[in-house]
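First the structure, in the form of structure tokens, and then the observations on it.
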Amino acid sequence: VSRALRVLPLGLVVFLSILGAWIAPSAPERLEPRLAWCTPSALRPLGCGEAGVDLLSVVSHAELSGIALALAVGLGGLAVGTPLGAFAALARGATERVVGRACDLIQAFPTFLLALVVLSAVRAPSRVHLGLVFALTAWAPFARLALVETRVLREAAFIEAAFALGLGRARVLARHLLPNLLGVVAVQLGSAGAAIVVAEAAFAFVGMGPRDGVSLGGVLDQGVLAMLRAPHVLLVGAVSVFVTSASMLLAGTAVLDSRARARPRASFG
Amino acid sequence: MRPLAVAFARALEASAVFLLLATLVFFALRLLPGDPATLVLGDQASPSEMARVRAQLHLDEPLVAQYVRFLRGIGTLDLGDSFRSPGVPAFRRIAFALGPTAELAGLAVALGGAMGLALAALAFGPWLGARRTWIEQGMVALAASPLIAFAPVLTYALAARARVVPLPGDPDAGPLGLVFASALLALPLAAHVGRTARASLVELGRGQFLTVAAAKGATPGRVVFVHALPAASGPILAVIATQLGALLGGAVVLERLFERWGLGTLILEAYASRDLPVLEGAIVAAGGLFVIVQSLAGFLHGLVDPRGRS
């Protein structure tokens, strides 16, 4: 399968969500108690949830905002983590050890606890708050990868030459290292994005999601409540979480294979 | 480094991480915009009510004095009484919640480890022939499946349809309910353990000692389980340690799904009702649990695998 094709499922998810949000019969917050828990029909393609919310509308909007959140936080993590990891590897010694160990710990740490600490200080958590909480830890995998990769690159002749020419560490980092790191580090975008989509759903599932209830986790929560009465709600929620996460992971692997072509490439200047 | 020095370094690091978490918990509530007393009572509270809560939280003292009091409270397991159940110390509520969560997570680690090792043995040993790659692909798919998506669906299929396990919220769920919840929590762990174990088995297979064992007449089962897997235990312990955080987060989701009592339920309840002493104590306790188990796994890793000591 061609690499570019691996981005296709994610594109399809986005396209279908936009289409769904457009053709959906009502806004995601609109309640129609008369239709509560109704099964899928021509009028309501995915059926209704609690108090008659239109599931197609909720799922489409939740997918779009979830993917937007994942992209924003993932790119933010990449922008912060890559220079940090590269800098630590260039500095060597204690800095390298501390940053590496911190990345390990943060990646193993229960993010959930960290998020609770911050969210409990906010009156009504919104999606922006959730994004900020995820950003607290999102940089770690990127920094870890950049650190490992720089350990190899720092021995390369073109880096040595740059230092020999008298360039400072910051300049070597910005002009010579980062362009070579980006292709490798971007591999992490897919799994970081998928993790954020899943984490957002998990927070909404346990009742800490955005107040408007437009979240995949909210749909799952309703589905568990009405497991016996309206199993379609549960299935719609689970399938959309799964498809979004899987399509992001797959899109991430499209970058993975292109790294061979992108490296090694010295930049001049 | 000698084992004792390694243990000391581990303990030092664990204490530093724990102190950092406790400090974060303390300052997040006091330095972020928003008065904690208003968070507890809402906007409509009378000034005398506010004054009472502020006194109870010691918000009228200088920040440094509050911080010292908070750390001492953690040290002596006394963070004051719960707001929601007046008269009950916060740490007593936390102690009651720790047991069920430790049961759930501990059983999940045991099940996940056992399933992972079995999968790795199947994917490495000769029993399945060419179909071994199916196991490998299955593990990749399982590791990529979010717990939040497959746990409710499996619960629906097995509890509501097939009726072989108790429904969520069933007060008489008993041991079967616990085993089912742990098994769900164990599935992603099994996939991670299985993949790591298989990778190290393949790595070990390049060495000579497995061939020697087979040449001496050991059965394939003996080669895998007696000779190869113990040598691969270092990376397996390491992957379990890195999955601990995900396990703790998953435990919260599953406690909510099955309406089980536990640390996650307590944290969510304390969060919803802004029961600050319980919330702070429970987060610190969960973080402490994580730090202890993590450094224990790291220490064991160092003991088992001499290559880890550098």
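Naming convention: chains lettered A, B, ... in sequence-line order (proteins, then strands); numbering from 1 in each chain.
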Q) Less than 4.5 Å apart, any side-chain heavy atom of B:L268 and any of A:M208? A) yes
(Q) Would you say that A:L114 contacts B:L24 through its side chain, given a criterion of any heavy-atom pair below 4.5 Å between the two side chains? (A) yes
Which pair of heavy atoms, one from [X] and one from [Y], lies closest together, and at what distance?
X	Y	value
B:R256	A:F205	NE-O, 3.4 Å
B:I148	A:A202	CD1-CA, 3.6 Å
B:V253	A:V206	CA-CG1, 4.2 Å

Chain A heavy atoms under 4.5 Å from [X]: which part of the residue, side chain, backbone, both or neither?
X	result
B:Y271	side chain
B:A270	neither
B:L21	side chain
B:V291	neither

Q. What part of A:D221 gets closer than 4.5 Å to chain B, counting heavy atoms only: side chain, backbone, both or neither?
A. side chain
Give the member of [options] that has the highest number of heavy-atom pairs under 4.5 Å with chain A.
options	value
B:T155, B:V252, B:V17	B:V252
B:A159, B:G245, B:A286, B:A282	B:G245
B:Q294, B:E280, B:E13, B:Q243	B:E13

Q) Which of residues 238-248 of chain A have a heavy atom under 4.5 Å from any heavy atom of chain B? A) A:A238, A:V241, A:F242, A:S245
Q: Mind ranking A:A201, A:S191, A:G237, A:P231 by heavy-atom pairs under 4.5 Å with chain B and telling me who comes out on top?
A: A:P231
**Q.** Crowding at CZ, A:R101 (>12 non-hydrogen neighbours, <6.0 Å)
**A.** yes
Q. CG of A:L105 to OG1 of B:T242: how many Å apart, nearest 0.5 Å?
A. 11.5 Å
